[in-house]
Protein chains: 2
Amino acid sequence: MDEMKRPGGRTRRVREAVFAASLAELADVGWGSLSVERIADRSGVHKTTIYRRWGTADQVVLEALLERGSAKIPVPDTGDVTRDMIALGQLIAANISAPIGRSIAAAAIEAADSSSIRQIADAFWSERFEQAGIIVGRAIERGQLPGGTESTDLVETVAARIWFRVMVNRLPVSDPWLSEVVDSAVEAVRIPNSIGAEISEILSS
Amino acid sequence: MDEMKRPGGRTRRVREAVFAASLAELADVGWGSLSVERIADRSGVHKTTIYRRWGTADQVVLEALLERGSAKIPVPDTGDVTRDMIALGQLIAANISAPIGRSIAAAAIEAADSSSIRQIADAFWSERFEQAGIIVGRAIERGQLPGGTESTDLVETVAARIWFRVMVNRLPVSDPWLSEVVDSAVEAVRIPNSIGAEISEILSS
DNA sequence: CATCCAATGCAACAAGAAGTTGTATTAACG
DNA sequence: CGTTAATACAACTTCTTGTTGCATTGGATG
């Protein structure tokens, strides 16, 4: 797939310039308004080159994102579930707050069919869910969480609230806010529903 | 704004045909790919008519949405917070699951500036928040919730989880799932954080 | 360093969409 | 019925998109 007979100097420079320009465009105008011509102008690379090497603007951005996303991020490990989840939350917030992340999210939402853009978004989330699984696993080993705790519930709650705040409310994810959200999410999984209901029953009587 | 010298037969028919076509287009191709020509073809109305009456495709869809969104929805009132919130959640889910709602959401997310599309999305959410305020107010009067309960926390939690499930996970909002989400959200606001933390402290020791 | 040829640049073009304008036609309203 | 607002139609310009043939550049190779 990535074989080229001359990967050296110029080809590499062109490739990098085009990728940089395409991501900048993505951040500026969004996935829907991408065009080969704009990327060509912005990168200084002639449009015929882009048409011949990639064909469409989508393909360019796709490759750029794949190359960019290949950097693996270590799972937070502070010795405490809450702090781990806060770190994970900050990571998620940083990603979807940036213009590029926002554009990807918007495009992934709009794409009704399972297009290539959705694969990237899906990959992002499955990675987060996997990380959360590790975090929860460690917490169970430490005895901070009960044995059968479902990690997906925890991430979903936290991720959902971050997502909503950034995308809909358009407010920044501050540390105090995130801390509170994570706290209540961790409590929710720590106290099984039945017991929680029982307690609230007692309290309200 | 809405004055016209001949609001009768033909003008009305044209208006309705154009609005219907524009919303259908919005659902099909999304906000970003709207075009006057497509709406013209789809509605059977000549494009010059649309250009002269509305100017741009955005304006057409905007008016269509405003007219459509003017129908007021009554606040659920079942006598129980949880059931009220579930009803509200179902309403939210129905709205953002439909193709049109999805397109609006995607467009609102992508629009970095505060464009007209964002006003529609904002209006939708502020209405939900207002409804939740009424629901919570009633619950406080009934003694189901403590006096100072912030309604925004409750809606935000529920709305966020629905949003995430529909937009990111792309799963349907089933009644059992929604019920569980609302339950835990109501519990979270019913048990103040400090007490909740204390209890979990006791339980884990 | 000399040579080759893949990669890129360049210019001209075709195809189509977007928007405008002048005029003819239709039908709502009195 | 007559008036004229509202719409349809056709022709046109302009802009964007994508293609093609050819010239030029500069890695790679011996």
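Not measured: the values here are computed from a predicted model. Just so you know, these numbers use all the heavy atoms, side chains as well, and skip hydrogens, waters and symmetry mates. Letters A, B, ... mirror the listed sequences (proteins, then strands); counts begin at 1.
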Colleague: Over how many whole Å does the gap from B:Arg52 atom CZ to C:dT20 atom P extend?
Modeller: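 It is 10 Å, rounded to the nearest whole Å.
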
Colleague: From NE2 of A:His46 over to P of D:dC22, roughly how many Å is that when rounded to an integer?
Modeller: 16 Å

Colleague: Counting just side-chain N and O atoms, does A:Thr11 come under 4.0 Å of either OP1 or OP2 of C:dA7?
Modeller: no

Colleague: Nearest to the side chain of B:Tyr51, which nucleotide is it out of C:dA11, D:dG18, C:dG19?
Modeller: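 In terms of side-chain proximity for B:Tyr51, the closest of C:dA11, D:dG18, C:dG19 is C:dG19.
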
Colleague: Got a sec: does the CD of B:Glu127 have more than 12 other heavy atoms crowding it under 6.0 Å?
Modeller: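 Check passes, neighbour count above 12.
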
Colleague: When you measure from the side chain of A:Arg10, which nucleotide among D:dT7, D:dT17, C:dA6 comes out closest?
Modeller: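 So the side chain of A:Arg10 is nearest to C:dA6.
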
Colleague: Taking the side chain of A:Lys47 as its heavy atoms from C-beta onward, which of D:dG18, C:dA18, D:dT20 lies nearest to it?
Modeller: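 Shortest atom-to-atom distance from the side chain points to D:dG18.
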
Colleague: Does B:Arg170, at its CZ atom, have more than 12 non-hydrogen atoms belonging to other residues, nucleotides or ligands within less than 6.0 Å?
Modeller: yes

Colleague: Within this structure, what is the CD-to-P distance between A:Glu37 and D:dT19, rounded to whole angstrom?
Modeller: 11 Å

Colleague: Taking any heavy-atom pair under 4.0 Å as a contact, classify B:Arg13: base, sugar-phosphate, or nothing.
Modeller: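 Here B:Arg13 touches the backbone only, sparing every base.
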
Colleague: Rounded to whole Å, how long is the line connecting atom CG of A:Asp41 with atom P of D:dG18?
Modeller: 14 Å

Colleague: Could you tell me the separation between the CG atom of B:Leu34 and the P atom of C:dA17, rounded to a whole number of Å?
Modeller: 16 Å

Colleague: On DNA chain D, check which nucleotide each of B:Val14 and A:Arg38 is closest to and give me the residue with the more 5' one.
Modeller: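 Nearest-nucleotide comparison on DNA chain D picks B:Val14.
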
Colleague: Using a 6.0 Å cut-off, check whether atom CZ of A:Arg38 has over 12 heavy atoms from anything other than its own residue.
Modeller: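 Incorrect, the count does not exceed 12.
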
Colleague: Rounded to whole Å, please give me the gap between CD1 in B:Ile50 and P in D:dA6.
Modeller: 16 Å

Colleague: To the nearest angstrom, how far is A:Trp54 atom CH2 from D:dT19 atom P?
Modeller: 16 Å

Colleague: Once you round to the nearest 0.5 Å, how far does CZ of B:Arg161 lie from CZ of A:Arg161?
Modeller: 11.0 Å

Colleague: Measuring from the side chain of A:Arg53 (C-beta onward, heavy atoms only), which nucleotide among C:dT8, C:dG9, C:dT21 has the closest atom?
Modeller: C:dT8

Colleague: In terms of side-chain geometry, is the basic nitrogen of A:Arg165 or B:Glu156 positioned less than 4.0 Å from the acidic oxygen of its partner?
Modeller: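 Result for this pair is no, no salt bridge flagged.
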
Colleague: I need the CZ-P distance between B:Arg42 and C:dA17, as an integer number of Å.
Modeller: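 Distance check: B:Arg42 CZ to C:dA17 P gives 17 Å.
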
Colleague: Counting the atoms with a prime plus P, OP1 and OP2 as sugar-phosphate, which does B:Thr48 contact under 4.0 Å by heavy atoms, base, sugar-phosphate, or nothing?
Modeller: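 Since a base atom lies under 4.0 Å of B:Thr48, the category is base.
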
Colleague: Would you say the side chain of A:Arg12 and the base of D:dG27 hold a donor-acceptor pair, judged only by whether the two atoms sit under 3.5 Å apart?
Modeller: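 Side chain to base: no pair below 3.5 Å.
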
